[in-house]
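For reference, the structure discussed in these notes is given below.
As the structure lists them, so they are numbered: ligands from 1, and atoms in each ligand from 1.
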Amino acid sequence: MLVLKDICWRVPEKEILDSVSLTVPDGKCVVVTGPNGGGKTSLAKIIAGIEQPDSGKLLLDGRIINRMSVTERARNGIAYAFQQPVRFKGLTVRDLMELAVGEAMDEDALCDSLSQVGLCAREYIDREVSGSLSGGEIKRIEIATVLARRARLSVFDEPEAGIDLWSFNNLIDVFRKLRSEVDGSILVISHQRRILEIADEIVIISGGRVSAQGSREEMLPRLFDGQTQGRPCPLERGGA
Ligand SMILES: Nc1ncnc2c1ncn2[C@@H]1O[C@H](COP(=O)(O)OP(=O)(O)OP(=O)(O)O)[C@@H](O)[C@H]1O
């Protein structure tokens with residue numbers, strides 16, 4: 001379980017996160033949504049250890065992780081898929097998958113993980129994760145690295161970004177399956193209604209604050225009736 005208590009983060013002249021508190025319970029999927037620039041990716045970076053909060057506490061399974069580095073957090077069970085994946089020069093898809101799971105993988109294991117995101121392992125494992133892969137392919141490979149880790153906490157930042165309609169449909173099933181099979185927690189940042197529909201809890205972050213949170217049943221009608229913050233929430237961005 002991940003617990004965030006009163007997380008604040010500011011950069012010169014700007015408060016980016018202002019006293020953000022939320023919980024991602026075991027076995028649950030929490031979806032964070034909200035307007036562009038609200039602070040969602042910043043929050044994900046703070047959870048992964050890429051940025052350090054100025055104040056507040058992060059607890060993973062009851063243990064304070066504020067001082068842990070990115071690598072230590074990864075070792076302790078946090079897996080993070082970036083909104084814009086990093087292209088690693090010289091690294092093959094197999095290398096990336098093996099780095100993520102921390103051990104050598106045979107073709108069957110690679111095939112299992114990559115087929116979840118609609119990619120054929122045989123075509124991809126020896127390719128370099130740089131120039132020749134399309135943006136959507138890299139995004140899907142990165143999602144596969146997180147799925148393969150079966151981590152205590154899996155964080156996906158806009159998994160829908162750059163993903164075609166067919167892969168997106170598949171991804172929804174993959175998240176459903178992940179939630180039912182893994183006893184860890186899942187945090188997804190998304191603007192997509194179909195991802196919000198698989199959430200146990202929905203959190204809206206706007207202007208660096210949690211502006212609303214609640215169960216899916218409670219939040220979806222509020223979001224899609226445009227009642228949250230008294231104006232429509234820009235949820236249906238992108239083509240999927
Ligand atoms: N290192 C930084 N320095 C200055 N401003 C930053 C920094 N990181 C983020 N911001 C600003 O903080 C705000 C929140 O950014 P963030 O990327 O967290 O938003 P978001 O909710 O993920 O947006 P989107 O839905 O567009 O992906 C934005 O205004 C952004 O420009």
(request) Cation-pi check, Arg193 to Phe224: give yes when NZ or CZ is under 6.0 Å from the six-membered ring centre and within 45° of the ring axis, no otherwise. (result) yes
(message) Any heavy-atom pair between the side chains of Ile195 and Glu160 that's under 4.5 Å?
(response) yes
Donor-acceptor pairs under 3.5 angstrom involving side-chain atoms of residues 107-117: please list them, not counting sequence neighbours.
from   : atom 1 : to     : atom 2 : distance (Å)
Ser113 : OG     : Ala109 : O      : 3.4
Ser115 : OG     : Cys111 : O      : 2.8
Ser115 : OG     : Asp112 : O      : 3.1

(message) So for ligand 1, is Ile16 a polar contact partner (N or O within less than 3.5 Å, distance only)?
(response) no
Give every donor-acceptor pair under 3.5 Å between a side-chain atom in residues 42-60 and any protein atom, sequence neighbours left out.
from  : atom 1 : to    : atom 2 : distance (Å)
Asp54 : OD2    : Arg10 : N      : 2.7

(message) Within ligand 1, which atoms have a heavy atom of Thr41 less than 4.0 Å away?
(response) 17 (O), 18 (O), 20 (P), 22 (O)
(request) Would you check the N or O atoms of Glu51, main chain and side chain alike, for any that come under 3.5 Å of an N or O of ligand 1? (result) no
(request) Would you mind running through ligand 1 and noting each atom that sits below 4.0 Å from a heavy atom of Val11? (result) 2 (C), 3 (N), 4 (C), 5 (N)
(message) Using a 4.0 Å cutoff against the non-hydrogen atoms of Glu158, which atoms of ligand 1 qualify?
(response) 25 (O), 27 (O)
(message) Show the atoms of ligand 1 that are less than 4.0 angstrom away from any heavy atom in Gly38.
(response) 19 (O), 20 (P), 21 (O)
(message) For the 3.5 Å polar cut-off, considering only N or O atoms, please tell me whether Leu43 and ligand 1 meet it.
(response) no
(message) Which option wins on minimum heavy-atom distance to atom 31 (O) of ligand 1: Lys45, Arg10, Lys14?
(response) Lys14
(request) May I ask you to list the atoms of ligand 1 that are less than 4.0 angstrom from any heavy atom of Lys40? (result) 18 (O), 19 (O), 20 (P), 21 (O), 22 (O), 23 (O), 24 (P), 25 (O)
(message) Just checking Arg209: does its CZ atom have more than 12 heavy atoms from other residues, nucleotides or ligands closer to it than 6.0 angstrom?
(response) no
(request) May I ask you to list the atoms of ligand 1 that are less than 4.0 angstrom from any heavy atom of Ser42? (result) 9 (C), 14 (C), 15 (O), 16 (P), 18 (O)
(request) In plain terms, say whether Glu158 and Lys40 are close enough for a salt bridge, that is, a side-chain N and a carboxylate O under 4.0 Å apart. (result) no
(request) Identify the residue among Leu187, Asp200, Ile202, Val24 that makes a side-chain contact (heavy atoms from CB on, under 4.5 Å) with Cys29. (result) Asp200
